[in-house]
Protein chains: 2
Amino acid sequence: MNAKQERQQKILELISDQSIARQEELSAALKDVGISTTQSTLSKDIKELGVVKVPDGDGGFRYRAPGAFVGADQRPLQGENLLQRELQDFVVSVEAVAQTLVLKTITGHAQGVCEAIDRAEWEEVAGTLAGENTIFILCRSPEACQNLEKRVWIQKTSSTN
Amino acid sequence: MNAKQERQQKILELISDQSIARQEELSAALKDVGISTTQSTLSKDIKELGVVKVPDGDGGFRYRAPGAFVGADQRPLQGENLLQRELQDFVVSVEAVAQTLVLKTITGHAQGVCEAIDRAEWEEVAGTLAGENTIFILCRSPEACQNLEKRVWIQKTSSTN
DNA sequence: CATGTGTATGAATAAAAATTCAATTTTATG
DNA sequence: CATAAAATTGAATTTTTATTCATACACATG
């Protein structure tokens, strides 16, 4: 009788693959995979798994698995995920000074993080410059800079997997 | 108008001091400190701050500040873990050619990965050199090189956590 | 094979959180 | 200052989530 285990396993998979914001959505996604259950049960599963609903830093929400999750992809990261990983793992501090955002990274990674940031093409950003462990991000306005500081911080601190 | 900032600051303080499970509770706690506001506003603050409601593992819930998750380390990685993460996330290919091991990384990360490798102080290694997306690792012998290739590959493909 | 105990489930409901909307306050700008 | 534009706020409401409770199911034990 491991219908429950299977379902919970699948829940973890689904929320890491897709951006799922509501339990009803999750229920639908599960149904697509042949598992049919109710919101009630999902609420219990979610609590049991320790899954949390986090602001995605862009106006919405998303469920995320906080803890370990084996079996995910070992391939190099790309796009959005890469950026988040970069911020989480390598960025040491974030500070807005006037209209430039200063990020410090662990040594050797400023270039890489900066590249990921460039690729994100944030509209607030006029230009970037990276040394060995410091990145300057020149923003179009002090407000944009404050905004960005928050956004970066949220992305950095919102859990992945 | 920094009523908002003050409030948000206080929210972060309160939820790290006390175990607060509901927004109404938070509202009450804030009132005790002289800040009176509504659930509506708190919902917005919480989203903006990236604060999340996590199962406390004991049947209840608790709001937590971003970066205070249980199973998710938000701090920059170090040592062994860092190396593994570097290999997993950034290394695209591994190939032993005679006695030098050639790693390709996604662009901008060769320096960072290489630094982590240097720090590991593998005895097979005579020296390393990194460009933008390529690392040369000169080994002391072809056999050492083969060995290392395996080791790196295993580290790269073994899951963390 | 009854009977008891514990777990799992969903329908209904209660509780909590997010959003809408209108009012108000702040900030920018002539 | 005056006034337009933007941001902040709370009351009401909608949406989403947690819990309750009754039922079903698995498994053990006499």
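The analysis underlying the following values was restricted to heavy atoms, covering all of them including side chains, and did not include hydrogens, waters or symmetry mates. Computed from a predicted structure; not experimentally measured. In what follows, chains are A, B, ... by sequence order, proteins preceding strands, each numbered from 1.
Atom P of nucleotide C/dA16 and atom CZ of B/F61 are separated by 11 Å, given to the nearest angstrom. When rounded to the nearest whole Å, the span between NZ of B/K53 and C1' of D/dT19 equals 12 Å. Between the CD atom of B/Q8 and the C1' atom of D/dT8 there is a distance of 11 Å, rounded to whole Å. Whole-Å rounding puts the A/R62 CZ to D/dT16 P distance at 18 Å. One interatomic measurement links the two molecules: NZ of B/K47 to P of C/dA18, which rounds to 8 Å at whole-angstrom precision. When the C1' atom of C/dA8 is taken as reference, atom CD of A/E6 falls 15 Å away, rounded to whole Å. Atom pair A/Q23:CD and C/dA18:P shows a separation of 12 Å (rounding to whole Å applied). Spacing between atom CD of B/Q39 and atom P of C/dA16 amounts to 11 Å, rounded to whole angstrom units.
Of the candidate nucleotides C/dT19, C/dT9, C/dA11, C/dA11 has the atom lying nearest to any side-chain atom of A/T38. In this structure, the nucleotide among D/dG10, D/dT9, C/dA18 sitting nearest to the side chain of B/S43 is C/dA18. For B/K4, the listed nucleotide lying nearest its side chain is D/dT8; candidates were D/dA18, D/dT8, C/dT19. Among the nucleotides C/dA11, D/dT9, D/dT17, the one closest to any side-chain atom of B/K44 is D/dT9.
At the heavy-atom level, B/S36 lies under 4.0 Å from the strands shown only through sugar-phosphate atoms.
Considering only side-chain N and O atoms, A/R7 lies under 4.0 angstrom from the phosphate OP1 or OP2 of C/dT9. Dashed line: the shortest gap from a side-chain N or O of A/Y63 to OP1 or OP2 of D/dT16 is not under 4.0 Å. One finds no side-chain N or O of B/S40 lying less than 4.0 angstrom from the OP1 or OP2 phosphate oxygen of D/dT9.
When every heavy atom of A/E25 is checked against every heavy atom of A/S19, the shortest pair comes out as OE1-O, 3.6 Å.
Atom CZ of A/F136 sits in a sparse spot, with 12 or fewer heavy atoms from other residues, nucleotides or ligands closer than 6.0 Å.
Closest-nucleotide positions on DNA chain D for B/G60 and B/T41 were compared, and the one nearer the 5' end corresponds to B/T41.
The shortest distance between side-chain heavy atoms of B/I137 and B/V152 does not fall below 4.5 Å.
A donor-acceptor pair under 3.5 Å links the side-chain atoms of A/R62 to the main chain of A/Q18, judged by distance alone.
Atom OG1 of B/T128 is separated from atom CD of B/E115 by 9.5 Å, given to the nearest 0.5 angstrom.
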